[in-house]
Amino acid sequence: MSQLIKFGLILGVICLAATLVLAVTYEVTKPKIEEQLKTEEQNALRSIMPLADSFNEKAMDGIEYFEALKGKTVVGYCVRVAATGYNGYIRMIAGIDLNGTIEGVAVLEHNETPGLGAKINEIRPGESEPWFLKQFKGKPARSIAVKKDIDAITGATISSKAVTDAIRKTVDDLLNKLKK
């Protein structure tokens, strides 16, 4: 019985040490990860709304968005969009002009299936932006729909529909709250 207690204590010490190392690693890397995510978001904002020279972060009734400013004039909005795809969450930013027309969409993070749903962010050879997201440019955000305006990704209809529906709903909610 004493050998069983001895092994239990050894295993407990090993688990405690592993937990401590993991916790310290998390705390050390957390600021760097947050800084990298912020940088990716700022790069996405600049690529979506190239006319803007600054972005003013705001929130209203649970919707997080940025005013895209040219000097002191608002030229559009970039809204954080979250969707649930086939294999998990999809985190994006959608940029719209003052009329509600989509200027661009950028996927910041997703857990979609590689080779299928992950094609939402796939850049084809010779192109500079994801082919699926490029379809959104110039479309009215409040009425976009798969099959009507957006071609779904073959084998990834759920992901395509999730992205499209989330953008439409979030932008519509934002514009209603802004009274646009």
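Because the structure is predicted, anything quoted here is derived from the model rather than measured.
Taking every heavy atom of both residues into account, Ser160 and Val146 meet most closely at O-CG2, 3.8 Å. Met60 and Tyr65 make their closest contact through CE-OH, 3.5 Å (heavy atoms, listed as atom of the first residue, atom of the second, distance). Closest approach of Lys148 to Ser143, counting heavy atoms only: NZ-O, 3.0 Å. Here the shortest heavy-atom pairing between Ala141 and Val171 reads CB-CG1, 3.4 Å. Considering every non-hydrogen atom in both Ile123 and Pro130, the closest pair reads CG1-N, 3.6 Å.
Taken from OG1 in Thr19 to CD1 in Ile14, the straight-line distance is 11.5 Å, to the nearest 0.5 Å. The OH atom of Tyr77 sits 5.5 Å away from the CD atom of Glu67 when rounded to the nearest 0.5 Å. Summarising the geometry, atom CZ belonging to Arg80 is positioned 12.5 Å from atom OG1 belonging to Thr170; distances are rounded to the nearest 0.5 Å. Note that OG1 of Thr25 and CG of Leu20 are 9.0 Å apart. Values are rounded to the nearest 0.5 Å. Separating the CD1 atom in Ile153 from the NZ atom in Lys161 is a distance of 14.0 Å, to the nearest 0.5 Å. A distance of 10.0 Å separates CG of Leu9 from CG of Leu4, quoted to the nearest 0.5 Å.
Salt bridge Lys177/Asp173: absent, no basic N to carboxylate O contact under 4.0 Å.
Note: the hydrophobic cluster containing Val79 also contains Leu175 (ILVMFWY, side chain heavy atoms under 4.5 Å, direct or indirect links). Connection of Leu108 to Ile167 is not established within any shared hydrophobic cluster, with ILVMFWY side chains joined at heavy-atom distances below 4.5 Å, either directly or through further cluster members. Following chains of ILVMFWY side-chain contacts shorter than 4.5 Å, one can reach Ile63 starting from Val74, so the two form part of one hydrophobic cluster.
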Donor-acceptor list for residues 131-139 side chains, cut-off 3.5 Å, not counting sequence neighbours:
from: Trp131; atom 1: NE1; to: Glu122; atom 2: OE1; distance (Å): 3.1
from: Gln135; atom 1: OE1; to: Asp151; atom 2: N; distance (Å): 2.6
from: Gln135; atom 1: NE2; to: Phe132; atom 2: O; distance (Å): 3.3
from: Gln135; atom 1: NE2; to: Asp151; atom 2: O; distance (Å): 3.1
from: Lys137; atom 1: NZ; to: Glu129; atom 2: OE1; distance (Å): 3.1
from: Lys137; atom 1: NZ; to: Glu129; atom 2: OE2; distance (Å): 3.3
from: Lys139; atom 1: NZ; to: Gln135; atom 2: O; distance (Å): 2.8
from: Lys139; atom 1: NZ; to: Asp149; atom 2: O; distance (Å): 3.0

Residues 82-96, side-chain donor-acceptor partners within the protein, below 3.5 Å, at least two apart:
from: Asn87; atom 1: ND2; to: Asn111; atom 2: O; distance (Å): 3.0
from: Tyr89; atom 1: OH; to: Glu109; atom 2: OE2; distance (Å): 3.0
from: Arg91; atom 1: NE; to: Glu109; atom 2: OE1; distance (Å): 3.0
from: Arg91; atom 1: NH2; to: Glu109; atom 2: OE1; distance (Å): 3.3

Under 3.5 Å, side-chain donor or acceptor atoms of residues 97-107 against the rest of the protein: list the pairs with distances, not counting sequence neighbours.
from: Asp97; atom 1: OD1; to: Asn99; atom 2: N; distance (Å): 2.9
from: Asp97; atom 1: OD1; to: Gly100; atom 2: N; distance (Å): 3.0
from: Asp97; atom 1: OD1; to: Thr101; atom 2: N; distance (Å): 2.9

Residues Glu41, Phe55; criterion side chain to side chain contact (heavy atoms under 4.5 Å, CB included); working and verdict: CA-CA 11 Å; Glu41 186 176 71; Phe55 298 91; over 6 Å; no
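Listed by chain and number, the residues in a side-chain hydrogen bond (donor to acceptor under 3.5 Å, both in side chains) with Lys38 are Glu57 (sequence neighbours excluded). In this structure, the side-chain hydrogen bond (donor to acceptor under 3.5 Å, both in side chains) partners of Arg168, at least two apart in sequence or on a different chain, are Asp165.
Atom CD of Glu127 sits in a crowded spot, with more than 12 heavy atoms from other residues, nucleotides or ligands closer than 6.0 Å.
Within the structure, side-chain hydrogen bond (donor to acceptor under 3.5 Å, both in side chains) contacts touching residues 42-53 (residues at least two apart or in different chains) do not occur.
Taking the side chain as every heavy atom from C-beta outward, Met49 and Leu45 never approach each other to under 4.5 Å.
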